[in-house]
Amino acid sequence: MPLPPLVEPVADLPPGEVQRHAHQLILAGHGSEAQRRLAAGRVLVVGADEVGAPLLSHLADSGVGQIGIADGAPLNPWDRYLGIVGPGPASRADAWARALSDTYPALRVVPIEQRFGVENAREMIAGYDLVVCASEDPARCRLVDDACAEAGVPYVWGCMDGTRGRVSVFWDAQGPGFRDLYPEPPAPYFRGMSGTLRLVGAWLAVAMATEAVKLLTGTGDPLVGRVATYDAMAGTCVLVPLRRSVDAVRPSRLTAAEPFFGLLSPAAAEAARESTISVEELKDMVDAEAPMTLVDVRDPDEYAFAHLPGSLLVPKSEFLNGDAAEQLPRDRRVVLLCRMGIRSAEVLAVVKKSGHPDAVHLGGGIVAWAERIDPTMPTY
């Protein structure tokens, strides 16, 4: 059902905005009042990657008056969504702030070149009417939800999973939250990665921006208490009700774990402590034709995209759920590798537990190999 608008409308639209938003101004059920509410709206966007970047564009193009961008990560080539962000080294937040300011003169953009964490969550949210976050890190999503519940502001959430996307609105004053959808805390370490269809990120961006517009203006039926799941390959969109869980307790203080994306489990960290080699060391071994077996533990599609010559593909799942560790040769060194050295360290712990006499993993993975040994190798 429609909810009261989050903001009061400004008296008049900024110069030039009437013509820019003419189609929305003549839209029945939206009109001048809703557009002036958007001009008064303040939205914090956490993350400016393949979902956050197009989301920023759609929020700005809709007429939102102020957008905060919380993302201190460096801008990567694949972050230059549709070529909107210009060249040059910059953080995602700074690059998008400059690009949006150039395109939308009436928009106030606030770059926040920090990671959203327990220590700065309250400060980041203060002064914003709602928060939008589509992080691939469930610990960060949980923290955003807790911080928004404490501040009393709604949280537009979205996530990607291969060729599917999910969207909902969590608002403690109106309905269930992230902890009701995911009662258990996330695992304390990264468990691997999978590919995603970038177009799903664009769908998520539009859907999440639409939810933000509905909340700011008090129009439509926001996804409070419902989760929308879009399956790009099946061409379906399903709505599933979400209810408060009797076991979900909203903490009185921010206790969510720090984002864990990229960290190792204790067993993997211990295994890698004395058994990590650099890409330079591996290059020396390859040049010297040292006896070894290179084992790539990524998924087949990743391996097909880029791999080291002579490497053998044995996905991580075959070590965790099968007997791949027992099948490794024991008369030579085994070098495990993956994209950045995370999954290979997890597999290394399994291989060492099996009693292999000489197993190591490649620190930095094939990304480091491409950066320091073979710049012609494609990365992702």
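Contact of the Arg140 side chain with the Arg115 side chain is registered, since non-hydrogen atoms from C-beta on lie closer than 4.5 Å. Proximity of Ser275 to Lys352: side-chain heavy atoms (C-beta onward) are separated by under 4.5 Å at one or more points. Ser168 has its side chain out of reach of Phe178: every pair of non-hydrogen atoms, C-beta onward, lies at least 4.5 Å apart. For the pair Trp171 and Leu130, the minimum side-chain heavy-atom distance is 4.5 Å or more. When side chains are defined from C-beta on, Leu362 counts as touching Ile277, because their heavy atoms get closer than 4.5 Å. Between Tyr104 and Asp61, the closest side-chain pair of non-hydrogen atoms falls below 4.5 Å. Here the side chains of Thr293 and Leu328 are not in contact, with every heavy-atom distance at 4.5 Å or above. Counting only heavy atoms from C-beta outward, the side chains of Val110 and Tyr128 approach each other to under 4.5 Å.
Residues passing the side chain to side chain donor-acceptor pair (under 3.5 Å) test with Glu371: none are found, sequence neighbours excluded. Under the side chain to side chain donor-acceptor pair (under 3.5 Å) criterion, Arg243 pairs with no residue, sequence neighbours left out. A search for salt bridge (Lys or Arg N to Asp or Glu O under 4.0 Å) contacts involving Lys353 returns nothing, not counting sequence neighbours. Qualifying salt bridge (Lys or Arg N to Asp or Glu O under 4.0 Å) partners for Glu326, counting only residues two or more places apart in sequence or in other chains: Arg330. With sequence neighbours excluded, no residue forms a side chain to side chain donor-acceptor pair (under 3.5 Å) with Asp301. Applying the side chain to side chain donor-acceptor pair (under 3.5 Å) criterion to Glu318, with sequence neighbours excluded, gives no partner residue. By the salt bridge (Lys or Arg N to Asp or Glu O under 4.0 Å) test, Asp180 is found to be paired with no residue, residues two or more places apart in sequence or in another chain being considered. Residues satisfying the salt bridge (Lys or Arg N to Asp or Glu O under 4.0 Å) criterion with Arg164, sequence neighbours excluded, are Asp161.
Across Ala147 and Ala121, no two heavy atoms sit closer than the pair CB-CB, 4.0 Å. When all heavy atoms are compared, the tightest approach of Ala272 to Ala345 is CB-CB, 4.3 Å.
The closest donor-acceptor contact from the side chain of Gln35 to the backbone of Ser62 lies under 3.5 Å. Asp296 places no side-chain N or O within donor-acceptor distance of the main-chain N or O of Ser311, the cut-off being under 3.5 Å. Remark: the backbone N or O of Gly117 is paired with a side-chain donor or acceptor of Asn120 at under 3.5 angstrom. Between the side chain of Arg244 and the backbone N or O of Gly175, at least one donor-acceptor pair lies under 3.5 Å.
Note on residues 310-364: no pairs pass ring pair (Phe, Tyr, Trp, His ring centres under 6.0 Å), not counting sequence neighbours. The stretch residues 20-48 participates, sequence neighbours left out, in these salt bridge (charged side-chain N to carboxylate O under 4.0 Å, His left out) pairs: Glu17-Arg20, Glu33-Arg37, Arg42-Asp129. The list of ring pair (Phe, Tyr, Trp, His ring centres under 6.0 Å) pairs with a residue in residues 2-55, not counting sequence neighbours, is empty.
Taking the six-membered ring where tryptophan is involved, the planes of Trp157 and Tyr182 are perpendicular, since the angle between them exceeds 60° and thus also 30°.
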Exercise. Let me see the working for Asp146 and Arg142 under salt bridge (charged side-chain N to carboxylate O under 4.0 Å, His left out), right down to the final yes or no.
Key: CA-CA 6 Å; Asp146 287 343; Arg142 189 182 180 92; 5.1 Å; no
Practice problem: Could you walk me through whether Glu346 and Arg343 pass the salt bridge (charged side-chain N to carboxylate O under 4.0 Å, His left out) test, one step at a time? | Solution: CA-CA 5 Å; Glu346 299 292 346; Arg343 282 171 285 179; over 6 Å; no
Do any side-chain atoms of residues 210-219 form donor-acceptor pairs under 3.5 angstrom with protein atoms, and if so which ones, sequence neighbours left out?
residue	atom	partner	partner atom	Å
Thr210	OG1	Val206	O	2.7
Glu211	OE1	Leu223	N	2.8
Glu211	OE2	Lys214	NZ	2.8
Lys214	NZ	Asp221	O	3.0
Thr217	OG1	Val213	O	2.7
Thr217	OG1	Thr219	OG1	2.7

